[in-house]
Amino acid sequence: MDRNQNNTSSISQSAMAGQSRVVILGAGESGVGAAKLAKQKGFDVFVSDFGTIADKYKSALEILEIPYESEQHTKALILNASEVIKSPGIPSTAPIVKKLVAQGTSVISEIEFAGRYTNAKTICITGSNGKSTTSLLTYHLLKNAGLNVGLAGNIGHSFAAQVAEESFDYYVLEISSFMLDDMFKFKADIAVLLNITPDHLDRYDYKMENYAASKMRIIQNQNANDIFIYCIDDEESTSAIKAFPPVARTYPFSIIKKLELGAYLQENTIHILTEPNKEITMSISDLALQGKHNIYNSMASGIVAKVLELRNETIRESMGNFKNIEHRLEHVAKISGIDFINDSKATNVNSTWYALESMTADVVLIMGGVDKGNDYNMLKDLVKSKVKAIVCLGKDNKRIHDAFEDDVEVIVNTFSAEEAAQIAFHLAKRGDAVLLSPACASFDLFKNYEDRGNQFKAAVREL
């Protein structure tokens, strides 16, 4: 409480000095990064988090002498803000956010705020699935080509902190729908839409059209000199594009049809053309990322690389030596001839579909957690053909049992990563794969999907 009293004193002095007041809601990576940039730009800054604040973020705020509060939102210290920067994890329905909006206070995202203070070119990547992999691959391509590039958004270090401390010429930004909802004047120089599948519908009144409209904000403010890259095979994306026609130059990608410009697949060879008669070709067997979903991801990154006129040799080399992110189809170990794969980042049904689609062995599938209104029907054919047993990892597994009890012989409930790994090991035989691909959020038993994946990996190594 002493801290809050000190905060009030310092805030009063700052306000008397006539500084514009910026309040930041949420003291995670994006919030503390925004606080750092706001302080650098001379704002009177206050950070408020309704939950606990991690020690490393408390320390960062204290070093910067930025006042903060945790486990509460003090209205008197928030509602007098000139502008509020909101963490993407805080819904617009939160009481403090509703009060701010009702009184006409501008509420924006960290991306919107940081974008005001950089002239760097931005490559912004969104989609229900594949964002992280495509963002990392695109960053890998640009960095290997010698470009001065940063990686931020929903991945890596805070965009705002990098704008404050670095001087990159390019940024690859992984952008979630939650970030897009609080972006208004920000413009992507290159916008990538990978796909639109049901996810987070609880934040969008359970309406796909609302979620799709949020995703299409990736192209807002673009002009004819900008670039928009999208998957023409994805029906939800093409429907959304009809509703929100882009004005930028468009480059579609497809594994179904041949295209004049963009990227397409023909006889196991990817063709990428951003200008007529100027193309790069790559065999899919030479790609570091395998599986149909990763062909799409590689096409999107390849188009970005060609638009930026990277050398074909560099593109091929980078596509071949890229290493995917932790917790995304990550090979953990091979024990008694059984492959253990960590796909903890698969927090929705579509991600699990992609994981199963890429499996070539019989699978013992570990799934479950916080169900966000999942429709498991899209998994049924793959489960019937590839999954020999399901190990549920979560507090409430009824919907998984209901969905798949007619498709697999064995469905087992577990309540820890250690128990799940042990039972899956006993259910599998030589040549099988044990796949952790939950299709659900992790918050019932774990801190986050990283914690879930790390506990699974530790449990596998103890087998």
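Hydrogens, waters and symmetry mates play no part in the numbers below; they use all other heavy atoms, side chains included. Residue indices begin at 1 and follow the sequence shown.
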Tell me, with the steps shown, if D343 and K345 meet salt bridge (charged side-chain N to carboxylate O under 4.0 Å, His left out).
-> CA-CA 5 Å; D343 193 42; K345 200 173 188 300; over 6 Å; no

Shortest non-hydrogen contact from [X] to [Y]?
| X | Y | answer |
| --- | --- | --- |
| M359 | A433 | SD-CB, 4.4 Å |
| S416 | E419 | OG-N, 3.0 Å |
| S176 | N154 | CB-ND2, 4.2 Å |
| V22 | A38 | CG1-CB, 4.4 Å |
| F228 | L193 | CE1-CB, 3.8 Å |
| I400 | G368 | CD1-CA, 3.5 Å |

Are there over 12 heavy-atom neighbours, none belonging to [X], within less than 6.0 Å of that residue's [atom1]?
| X | atom1 | result |
| --- | --- | --- |
| N119 | CG | no |
| K143 | NZ | no |
| K121 | NZ | no |
| E309 | CD | no |

To the closest 0.5 Å, what do you measure between [atom1] ([X]) and [atom2] ([Y])?
| X | Y | atom1 | atom2 | answer |
| --- | --- | --- | --- | --- |
| L137 | S298 | CG | OG | 5.5 Å |
| M183 | I218 | CE | CD1 | 6.0 Å |
| K39 | D44 | NZ | CG | 9.0 Å |
| S48 | I96 | OG | CD1 | 7.5 Å |
| L310 | L142 | CG | CG | 5.5 Å |
| Q220 | Q222 | CD | CD | 9.5 Å |

Tell me if a side-chain donor or acceptor on [X] pairs with a main-chain N or O of [Y] at a distance below 3.5 Å.
| X | Y | answer |
| --- | --- | --- |
| T414 | C392 | yes |
| Q40 | A164 | yes |
| N374 | A439 | yes |
| T122 | D189 | yes |
| K306 | G302 | no |
| D49 | A27 | yes |
| T126 | I175 | yes |
| Q103 | L79 | yes |
| S87 | G89 | yes |
| Y68 | K58 | no |

Legend entry - Residues T314, N144; criterion side chain to side chain donor-acceptor pair (under 3.5 Å); working and verdict: CA-CA 7 Å; T314 301; N144 276 7; over 6 Å; no

**Item:** Steps toward salt bridge (charged side-chain N to carboxylate O under 4.0 Å, His left out) verdict (E165, K36)
**Value:** CA-CA 9 Å; E165 297 170 345; K36 185 176 292 185; 2.9 Å; yes

| Under the criterion salt bridge (Lys or Arg N to Asp or Glu O under 4.0 Å), which of E330, E462, E418 is the partner of K457? |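 Exactly one candidate clears the test, E330.
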
Would you check if [X] and [Y] make a side-chain contact, meaning some heavy-atom pair closer than 4.5 Å?
| X | Y | value |
| --- | --- | --- |
| I196 | D234 | yes |
| L463 | F340 | yes |
| L25 | V23 | yes |
| C231 | N195 | no |
| K395 | L445 | yes |
| Y139 | I155 | no |
| R328 | S351 | yes |
| L329 | S358 | yes |

Go through it in stages, so that I can follow the logic: the residues are L173 and F186, the test is side chain to side chain contact (heavy atoms under 4.5 Å, CB included), and I'd like the CA-CA distance, side-chain angles, deciding distance and then a yes or no.
CA-CA 12 Å; L173 302 176; F186 179 92; 3.9 Å; yes

Evaluate the criterion side chain to side chain contact (heavy atoms under 4.5 Å, CB included) for residue pair M282 and N312; output intermediate values, then yes/no.
-> CA-CA 10 Å; M282 289 170 286; N312 287 356; over 6 Å; no

inquiry  = Just to verify, what does Y171 make a ring pair (Phe, Tyr, Trp, His ring centres under 6.0 Å) with, not counting sequence neighbours?
reply    =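 Partners of Y171 by the ring pair (Phe, Tyr, Trp, His ring centres under 6.0 Å) criterion, ordered by chain and then number, come out as F159, F168.
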
Original post:
Would N294 and L287 satisfy side chain to side chain contact (heavy atoms under 4.5 Å, CB included), going step by step from the backbone distance to the final call?
Top reply: CA-CA 9 Å; N294 278 322; L287 300 177; over 6 Å; no

For this session: Could you walk me through whether D371 and Y376 pass side chain to side chain donor-acceptor pair (under 3.5 Å), step by step?
Result: CA-CA 10 Å; D371 187 311; Y376 294 109; 2.9 Å; yes

query: For F443, is the NZ or CZ atom of R452 found under 6.0 angstrom from the centre of its six-membered ring and inside 45 degrees of the ring axis?
result: no

Trace of the side chain to side chain contact (heavy atoms under 4.5 Å, CB included) decision for Q162 with T118
CA-CA 10 Å; Q162 292 185 61; T118 178; over 6 Å; no

The residue among I295, D233, I303 that forms side-chain contact (heavy atoms from CB on, under 4.5 Å) with F253 is I303

Report task. Check the pair T134 / N297 against side chain to side chain donor-acceptor pair (under 3.5 Å), numbers first and verdict last. Result -> CA-CA 5 Å; T134 306; N297 296 338; 3.2 Å; yes

Check your understanding: After noting the C-alpha distance and the side-chain angles of E83 and R116, does the key distance pass the salt bridge (charged side-chain N to carboxylate O under 4.0 Å, His left out) rule?
Key -> CA-CA 14 Å; E83 188 164 56; R116 298 171 182 171; 2.8 Å; yes

